[in-house]
Amino acid sequence: MKHQKIRKAILPVAGFGTRFLPATKAQPKEMLPLVDTPVIQHLVEEAVNSGIEQIVFVTGRSKRALEDHFDSHYELESLLAEKGKEEALQEVQKLTNMAEFFFVRQKQPQGNGDAILTAKNFVGDEPCAVLFGDDLVDAERPALRQLIDVYEEYRDPVIALTSVPHEHVSKYGIVEGNQVADRVTQLANFREKPEPSETESSQAVIGKYIITPEFFEKLEQMKGSVEGELGMDHAINAMMNERPLYGLEVEGTRYDCGDKLGYIQATVDYALKHEKIGEGVRDYLKSLNLD
Ligand code: G1P
């Protein structure tokens, strides 16, 4: 098989965001901002800074704000130009040109594997990236770039991992396997949300993957036959018997923006780093005199 560059990314964004209700009743959870930048924009920037050229969002009901966010806004742009607000104008305009954007709709929320399958025709016969909306990694080298580098070495699917406290394994997909290089594990087993007593591993899957076209075949074969929702775990376990799959413990600070505490931690850290308000935020936090 010829070796293809990873140029496409699937961003599944069809979930209801029930953990953030009522904020997410009428707006996508992916549009919740870290200070001034929606979580989804951070993911798109991660993809683009990793070499991705085309992005397909798998959307659903009440997700129109996402489409608008990455589209041009003629009236706003002319207003900003008229008022000489050059910096804001550039911020708005850069969104449209970062990548080529496509949208497909997942008809019903039937699991993250089903969401990926919805993008099959867009991806075609090439490897691609998958980024789920909740996991942000703040890193010098984008987390997705780190995965692509491992893919380019092994030419097999790669999944992002992070170490979690063992008592938290039941919140994650947990993998077991053999370490083959620094931070790289060849996967032998994937379990979705095991009890701490069921595994010795604390290596958790986070929502960033490089997948190959066989993933779609596997998901297609399994659709309808699995009980409940079709998950990535089904395809991963099925493929593990046929070709090597790798996990990479990514470098950087990971935030779970799908969780209220994780979202607030991300907000505080991004606010502290913000070039305009960082200092003010630091002074404010100090003034709280928390022990
Ligand atoms: C999903 C995946 C799980 C993964 C987690 C990472 O679970 O099913 O394998 O570890 O995301 O955030 P969810 O958090 O949607 O329940």
Side-chain angles (χ1 to χ4, degrees), residues 9-21 24 28-30 32 34 39-40 42-43 46 58 60 106 108-118 129-139 143-144 146-147 157-177 185 187-196 198-211 215 218-219 222-223 226-240 245-250 252-266:
I10 306 173
L11 272 61
V13 290
F16 287 136
T18 48
R19 283 192 278 182
F20 280 90
L21 283 168
T24 49
K29 69 168 175 175
E30 296 79 7
L32 294 175
L34 299 180
V39 170
I40 193 70
H42 284 285
L43 278 190
E46 174 184 347
V58 180
Q106 187 182 15
Q108 281 168 342
Q110 288 176 329
N112 56 19
D114 181 70
I116 303 302
L117 205 45
T118 313
V130 177
L131 296 175
F132 286 99
D134 290 340
D135 287 302
L136 273 195
V137 175
D138 185 24
L144 180 59
Q146 298 176 39
L147 292 187
V158 191
I159 299 171
L161 304 177
T162 190
S163 272
V164 296
H166 197 70
E167 62 272 23
H168 292 174
V169 293
S170 57
K171 295 204 286 190
Y172 297 94
I174 299 294
V175 296
E176 290 167 0
T185 301
L187 306 182
N189 185 9
F190 176 110
R191 253 185 262 179
E192 189 63 23
K193 310 201 170 88
E195 288 306 316
E198 290 175 312
T199 178
E200 292 199 342
S201 171
S202 301
Q203 282 201 306
V205 167
I206 54 173
K208 299 177 194 293
Y209 301 74
I210 303 296
I211 61 172
F215 253 86
K218 284 283 172 250
L219 288 167
M222 295 175 135
K223 197 174 162 137
V226 297
E227 242 176 73
E229 296 191 339
L230 182 62
M232 289 296 275
D233 54 315
H234 294 110
I236 291 169
N237 274 323
M239 277 187 62
M240 225 177 265
L245 300 188
Y246 294 94
L248 171 71
E249 198 161 311
V250 290
T253 309
R254 177 218 164 220
Y255 300 96
D256 180 0
C257 293
D259 169 76
K260 286 190 183 107
L261 180 59
Y263 174 70
I264 292 301
Q265 287 165 337

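Just follow the structure's listing: the first ligand is 1, and inside any ligand the first atom is 1. Just so you know, these numbers use all the heavy atoms, side chains as well, and skip hydrogens, waters and symmetry mates. Since the structure is predicted, the reported quantities are computational estimates derived from the model, not experimental observations.
- A ring-centre distance under 6.0 Å is found for Y263 and F20.
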### Query
Run the side-chain contact (heavy atoms from CB on, under 4.5 Å) check on E229 and D114 step by step: do they pass?
CA-CA 8 Å; E229 296 191 339; D114 181 70; over 6 Å; no
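- Interface of D135 with ligand 1, defined as ligand atoms under 4.0 Å from a residue heavy atom, comprises 6 (C), 12 (O).
- For atom 8 (O) of ligand 1, the nearest protein heavy atom is under 4.0 Å away.
- For ligand 1, the atoms lying closer than 4.0 Å to a non-hydrogen atom of Y172 are 10 (O).
- Residues V39 and E30 are not in side-chain contact: their nearest non-hydrogen atoms beyond the backbone lie 4.5 Å or more apart.
- Residue contacts with ligand 1 do not include K171, since none of its heavy atoms lies under 4.0 Å from the ligand.
- Residue contacts with ligand 1 include V205, since one or more of its heavy atoms lies under 4.0 Å from the ligand.
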### Query
side-chain contact (heavy atoms from CB on, under 4.5 Å) between K29 and D134: does it pass, once the steps are laid out?
CA-CA 9 Å; K29 69 168 175 175; D134 290 340; 3.0 Å; yes
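- Listed by number with element, the atoms of ligand 1 under 4.0 angstrom from any heavy atom of G173 are 3 (C), 4 (C), 9 (O), 10 (O).
- Results of the side-chain contact (heavy atoms from CB on, under 4.5 Å) test with V137 over T253, L144, L43, I206 single out I206 as the only residue that passes.
- Counting protein heavy atoms under 4.0 angstrom from atom 11 (O) of ligand 1 gives zero.
- Of the listed residues (R19, M232, K193, R254), the one carrying the non-hydrogen atom nearest atom 16 (O) of ligand 1 is K193.
- At a heavy-atom distance under 4.0 Å, only side-chain atoms of E192, from C-beta outward, approach ligand 1.
- Contact of the L161 side chain with the V250 side chain is not registered, since no non-hydrogen atoms from C-beta on lie closer than 4.5 Å.
- At distances below 3.5 Å, not a single donor-acceptor pair connects side-chain atoms of H234 with backbone N or O atoms of K218.
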